[in-house]
Amino acid sequence: MNQSLLTNWIPYKLSISENEEWMLHWMDLENRQMLEPFFDETITLCSCRRKEKRRLPSVSTTDFLLKVVADGIPHLAPTAFVFHVSRCGSTLLSQAFTGDSQNIIIAEAPLLDEILRASEKKEITEEERKQWFMAAIQLMGQLRNGTESAYIIKLDSWHLHFYDLLRSWFPETPFFFLSRRPDEVLASHEKRAGIHTIPGMVNKKLLKIDPQLNYGGNFSRYAADVLKGFYEQMGLIQQLKHPKNAFADYEDGVSTMVARFSEFSGIRIKDQEQLNNRLNYHSKTISLPYQKDRKPEPRHQYPYCMEVYETIKR
């Protein structure tokens, strides 16, 4: 396989310079596979290695991103996108396919979020956003060992609200949607809060939260309202009955979710024993044995949230 000088290099961060110019930050993955539960964990490990070698940061304009793609680094098109409401097995689902070196897994890459939400920082045209997103996707999906045949992209939970845009960009790509009971999701976030459940961390407008509402210190009610918005959006997506959309719920069991995703996406499970072994460990901390989540308590119950959830379960 012919390799470019930029093989193994991927963009991982979008920022704005002092001159108000969009800038991309790049990382050399060298020989590291992206096996960690989250994309930014891989970047952190590579960054530490880079500092040990005393290498300076690599930064470019967005024009360079498009030029690299135009130069034709071999890559896969996405095989499937995974959407989710958070804490519903999406990380374990994506991790289930990391054992096969033929699979490329991108799990919640901050750069993709930064591109989708770039207009929150500075004006950007829809065409620019599309070009940057497509280029980033291509470089993250580059052929690095020459045997890659499947490419899974797990998005952030709030990217459910970008469904229409992403579907217009990827009309024929399988989209897989995961859900879970709201009280169980909220109990999980109480133990370890996701950034979208903390007021001010993710744009309220994007999350469909009334900016006039004052939640005080009640993060649980805020998280319930965010979750309600996710369920409502998923319900609207279900109503579209798009042939390339499929849905699963945590209540079905992780093994069932993985099998359903495999059948829907066409990505074969080649080593069932290896998969079963991975499912025995924590999704986000590979060294820890899997433990059942604690049961939700009455304070995690929000009837209005449960009501919307039940409409997507029917």
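Counting begins at 1 with the first residue of the sequence.
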- Message: If hydrophobic residues (ILVMFWY) are linked whenever their side-chain heavy atoms come closer than 4.5 Å, directly or via other members, who joins Leu45 in its cluster?
- Response: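 Besides Leu45, the cluster holds no residue at all.
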Would you say that [X] contacts [Y] through its side chain, given a criterion of any heavy-atom pair below 4.5 Å between the two side chains?
X	Y	answer
Trp22	Glu128	no
Tyr222	Leu207	yes
His196	Met201	no
Ser101	Gln33	yes

- Item | Partner residues of Tyr151 under the side chain to side chain contact (heavy atoms under 4.5 Å, CB included) criterion, sequence neighbours left out |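 Partners of Tyr151 by the side chain to side chain contact (heavy atoms under 4.5 Å, CB included) criterion, ordered by chain and then number, come out as Leu76, Pro78, Thr79, Ile104, Ile106, Ile137, Met140, Ile153.
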If the condition is side-chain hydrogen bond (donor to acceptor under 3.5 Å, both in side chains), which residues does [X] pass it with, not counting sequence neighbours?
X	value
Asp40	none
Thr62	none
Glu21	none
Glu310	none

- Message: If the condition is ring-ring contact (aromatic ring centres under 6.0 Å, His included), which residues does His300 pass it with, not counting sequence neighbours?
- Response: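 Applying ring-ring contact (aromatic ring centres under 6.0 Å, His included) to His300 gives none.
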- Those residues that, when tested against Phe39, pass ring-ring contact (aromatic ring centres under 6.0 Å, His included) (two or more places apart):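 In terms of ring-ring contact (aromatic ring centres under 6.0 Å, His included), with neighbours along the sequence ignored, Phe39 is linked to no residue.
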- Among residues two or more places apart or on two chains, list those pairs meeting salt bridge (charged side-chain N to carboxylate O under 4.0 Å, His left out) that have a residue in residues 90-112.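 Found Asp100-Lys270, Glu108-Lys154.
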- Message: Taking salt bridge (charged side-chain N to carboxylate O under 4.0 Å, His left out) as the cut-off, I'd like each qualifying pair that reaches into residues 198-213, sequence neighbours left out, listed once.
- Response: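 Sorted result for residues 198-213: empty, none.
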- Item | Salt-bridge present (Arg117, Asp113; N to O < 4.0 Å) |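 Yes.
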- For the pair Phe83 and Phe175, name the ring-plane relationship: parallel under 30°, tilted 30 to 60°, perpendicular over 60°.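 Answer is tilted, since the angle falls between 30° and 60°.
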Treat each ILVMFWY residue as a node, draw an edge where side-chain heavy atoms are under 4.5 Å apart, and state whether [X] and [Y] are in one component.
X	Y	value
Leu236	Phe162	no
Leu66	Ile10	yes
Val185	Ile198	yes
Trp26	Val59	no

Under a 3.5 Å threshold, yes or no: a donor from one side chain and an acceptor from the other, between [X] and [Y]?
X	Y	value
Asn19	Ser17	no
Tyr231	Thr311	no
Tyr304	Asp225	yes
Asp249	Tyr309	yes

- Query: Nearest 0.5 Å, what's the OG-NE2 distance between Ser179 and His84?
  - Reply: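 Between atom OG of Ser179 and atom NE2 of His84 there are 12.0 Å.
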- Query: OG/Ser90 to OH/Tyr250 distance, rounded to the nearest 0.5 angstrom?
  - Reply: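 It comes to 11.0 Å.
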- Would the Phe230 and His161 ring centres measure less than 6.0 Å apart?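 For Phe230 and His161, the ring centres are under 6.0 Å apart.
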- Task: Please list, chain by chain and in numerical order, all residues satisfying salt bridge (charged side-chain N to carboxylate O under 4.0 Å, His left out) with Arg260, sequence neighbours excluded.
- Result: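 Salt bridge (charged side-chain N to carboxylate O under 4.0 Å, His left out) check on Arg260 returns Asp252.
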- Pairs satisfying side chain to side chain donor-acceptor pair (under 3.5 Å), at least one member in residues 232-248, at least two apart: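 Qualifying pairs, neighbours excluded: Tyr163-Asn245, Arg167-Asn245, Lys228-Glu232.
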